[in-house]
Number of protein chains: 2
Amino acid sequence: MNVVNESPRRKELTRLAAQLFVQEGFDRTTVRMLAHEMGIKSGSLFHHFRDKQEILAAVIEEGTQNALTIARRALGRCDTTPEARLHAMARAHLETLLTDRNAHVVALYEWRRLDPEARDHLSHLRDAYEALWEEVIDEALDAGLIHGDRFLVSRFVMGALNWTVRWYDPEGPRTPEELARELIAMLTSPVTLPSSASTMV
Amino acid sequence: MNVVNESPRRKELTRLAAQLFVQEGFDRTTVRMLAHEMGIKSGSLFHHFRDKQEILAAVIEEGTQNALTIARRALGRCDTTPEARLHAMARAHLETLLTDRNAHVVALYEWRRLDPEARDHLSHLRDAYEALWEEVIDEALDAGLIHGDRFLVSRFVMGALNWTVRWYDPEGPRTPEELARELIAMLTSPVTLPSSASTMV
DNA sequence: AGGTCAACCAAGCAAGCGCTAGTGTAAACC
DNA sequence: GGTTTACACTAGCGCTTGCTTGGTTGACCT
């Protein structure tokens with residue numbers, strides 16, 4: 001039982017587990033199903049992970065880590081105006097749905113299945129991500145780009161964005177870029193957006 | 001096995017089941033746990049429900065039915081202006097979280113555990129509720145109260161509202177009335193809201 | 001050639017699962 | 001007064017669950 005390392009094999013197994021967790025839900029996914037999907041027997045699975053819980057934690061950690069990386073990179077390379085930063089964050093958020101959708105769905109839906117230790121560890125990661133959002137929203141509020149109660153606005157925005165995993169179709173006509181623009185347009189008053197694309201196909 | 005009737009006993013059992021499903025999740029909630037919570041033995045449970053699935057369906061049906069009733073009543077007694085109707089819907093939505101929170105959390109999180117027949121039946125109920133929302137949003141769009149793509153706006157709004165089950169505290173300082181006002185204020189441009197309460201405690 | 005080690009397997013244990021069968025009982029009905 | 005009905009019980013069947021145990025394999029190092 002090596003358990004803790006970050007072998008490439010383990011990463012691949014984590015990716016497969018995320019897919020199954022989304023299809024079936026964590027509780028309905030048996031270790032036998034996981035092993036089968038990975039092309040090994042159920043006993044061998046416990047060579048890579050201490051227990052089923054650890055697989056769940058690995059899936060969520062991977063996804064959140066990636067989201068954090070992508071968001072930071074997006075903020076690093078965009079303009080410094082509040083509107084550009086807001087847009088960059090929204091777009092980055094939606095782009096992770098393209099690349100790491102399974103992991104994010106698991107993080108949103110199966111969070112409560114984590115045991116207390118794992119939840120504690122991972123909530124720090126998630127808090128770091130949400131802190132990025134609140135920073136950007138604060139800037140937009142200060143600049144008068146959007147208006148309202150700080151706490152409520154960030155909750156509403158996070159809700160609108162996180163809800164996208166339930167309906168957004170990456171194969172569909174809308175790009176993350178377009179979705180992000182539309183969300184920002186909805187939040188900001190029309191006069192501050194000279195190039196509003198209010199009707200799109 | 002009477003199974004299908006709508007006895008008051010069954011309603012009470014459904015309410016208790018909703019609570020357990022929220023605490024533990026549907027899959028982790030055993031029929032023995034349900035029976036214990038209801039003060040009976042596990043065998044007796046199947047006198048009231050055909051199987052575990054039917055309990056889940058009953059919980060979700062009850063919650064959605066109530067939401068629909070409350071929303072319709074709210075629309076029936078408010079002003080006919082688009083803004084008033086938008087506000088009434090948002091407030092009604094948040095008020096059901098006070099009265100039927102458990103059922104709604106179950107509906108949002110355990111929907112996929114329903115078998116195909118139940119899902120088909122209940123999706124009609126849910127569609128009826130969402131149709132109310134889209135109607136009200138359409139009116140607001142036509143009146144120029146909010147702006148943007150019809151499909152996206154309604155998804156974003158539903159997301160912001162449904163996400164409230166994850167953070168809204170009925171014991172906290174904010175009333176559903178205040179939350180609804182703040183959401184509408186965020187969506188509509190500030191010039192169209194003469195009495196804007198942008199900073200509240 | 002001998003040793004190390006990650007990766008895998010076969011077999012199975014103890015516990016728990018949803019659900020059924022058959023029975024008891026008190027109130028309601030004809 | 002006999003029958004029906006609603007509701008509860010006991011006992012347990014057949015199956016699946018997460019996880020353990022003890023052992024094998026083959027690539028790599030010295």
Side-chain angles (χ1 to χ4, degrees), chain A residues 1-60 106 110-119, chain B residues 1-21 23-60 106 110 112-119:
Chain A
M1 309 143 183
N2 60 358
V3 160
V4 202
N5 71 1
E6 278 298 325
S7 66
R9 180 85 173 120
R10 189 177 142 124
K11 268 222 164 135
E12 171 66 8
L13 298 183
T14 303
R15 207 184 53 79
L16 287 169
Q19 189 188 338
L20 260 184
F21 287 163
V22 169
Q23 274 175 37
E24 307 287 330
F26 176 71
D27 289 321
R28 277 181 135 84
T29 304
T30 70
V31 294
R32 285 167 180 81
M33 290 164 66
L34 287 165
H36 178 76
E37 195 74 10
M38 297 165 177
I40 57 180
K41 298 299 183 195
S42 70
S44 314
L45 212 158
F46 295 92
H47 172 72
H48 300 279
F49 302 92
R50 192 185 342 260
D51 52 23
K52 198 185 164 190
Q53 276 280 334
E54 201 181 78
I55 308 180
L56 177 60
V59 167
I60 296 183
V106 171
E110 313 285 358
W111 182 266
R112 309 192 43 219
R113 308 290 161 251
L114 290 167
D115 54 32
E117 326 149 32
R119 183 153 38 194
Chain B
M1 308 145 185
N2 59 358
V3 158
V4 203
N5 70 0
E6 279 297 328
S7 65
R9 179 90 172 117
R10 189 176 143 124
K11 268 220 163 137
E12 171 66 7
L13 298 182
T14 303
R15 208 184 53 79
L16 287 169
Q19 188 187 340
L20 260 183
F21 286 163
Q23 273 175 37
E24 307 287 330
F26 176 71
D27 289 321
R28 279 179 133 84
T29 304
T30 70
V31 294
R32 286 166 179 83
M33 289 165 65
L34 286 165
H36 178 76
E37 195 74 11
M38 298 165 177
I40 57 179
K41 299 297 187 204
S42 71
S44 313
L45 212 158
F46 294 91
H47 172 72
H48 300 278
F49 303 92
R50 193 188 338 263
D51 52 23
K52 198 185 163 191
Q53 276 280 333
E54 201 182 77
I55 308 180
L56 177 61
V59 167
I60 296 183
V106 171
E110 313 286 358
R112 307 191 44 218
R113 307 291 162 251
L114 289 168
D115 55 31
E117 326 149 31
R119 183 153 39 196

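In what follows, chains are A, B, ... by sequence order, proteins preceding strands, each numbered from 1.
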Under 4.0 Å between a side-chain N/O of [X] and OP1 or OP2 of [N], yes or no?
X	N	answer
B:S44	D:dC9	yes
B:H48	D:dA6	no
B:H47	D:dC7	yes

Can you tell me how far [atom2] of [N] sits from [atom1] of [X], to the nearest Å?
X	N	atom1	atom2	result
B:F49	D:dA8	CZ	P	11 Å
A:K41	D:dG23	NZ	C1'	17 Å
B:R10	D:dA8	CZ	P	14 Å
A:L56	D:dC19	CG	P	12 Å
A:E54	D:dG18	CD	C1'	14 Å
A:I40	C:dA10	CD1	C1'	14 Å
B:H36	D:dA8	NE2	P	15 Å
B:L45	D:dT10	CG	P	15 Å

Practice problem: Treat primed atoms plus P, OP1 and OP2 as sugar-phosphate and everything else as base, then score nucleotides 11-18 of chain C 5' to 3': B for base contact with protein heavy atoms under 4.0 Å, S for sugar-phosphate contact only, - for none. | Solution: -B----BB

Measuring from [X]:[atom1] to [Y]:[atom2], what's the distance to the nearest 0.5 Å?
X	Y	atom1	atom2	value
A:L20	A:H36	CG	NE2	9.5 Å
B:L114	B:F26	CG	CZ	8.0 Å
A:L45	A:L13	CG	CG	7.0 Å

Self-check item: B:E110 (side chain) donor-acceptor with B:L56 (main chain) under 3.5 angstrom
Solution: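 No: the side chain of B:E110 does not pair with the backbone of B:L56.
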
Self-check item: For A:R15, all residues meeting salt bridge (charged side-chain N to carboxylate O under 4.0 Å, His left out), sequence neighbours excluded
Solution: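 By the salt bridge (charged side-chain N to carboxylate O under 4.0 Å, His left out) rule, A:R15 matches A:E12.
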
Practice problem: Just grab all the side-chain hydrogen bond (donor to acceptor under 3.5 Å, both in side chains) pairs involving residues 20-35 of chain A, residues at least two apart or on different chains. | Solution: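 Listed by first then second residue: A:D27-A:R113, A:D27-B:R28, A:R28-B:D27.
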
Exercise. Could you pull out all residues at least two apart from A:R112 that satisfy side chain to side chain contact (heavy atoms under 4.5 Å, CB included)?
Key: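 For A:R112 the side chain to side chain contact (heavy atoms under 4.5 Å, CB included) partners, ignoring immediate neighbours, are A:R119.
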
Quiz prompt | For A:A18, side chain to side chain contact (heavy atoms under 4.5 Å, CB included) partners two or more places apart | solution =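 Applying side chain to side chain contact (heavy atoms under 4.5 Å, CB included) to A:A18 gives A:V59, A:N102.
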
Practice problem: Note the angle between the end axes of the helix from C:dA1-D:dT30 to C:dC30-D:dG1, five pairs defining each, rounded to 10 degrees. | Solution: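 Helix axis angle between the two ends: 10°.
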
Exercise. Would you please test B:L16 and B:L34 for side-chain contact (heavy atoms from CB on, under 4.5 Å) and show each step?
Key: CA-CA 8 Å; B:L16 287 169; B:L34 286 165; over 6 Å; no

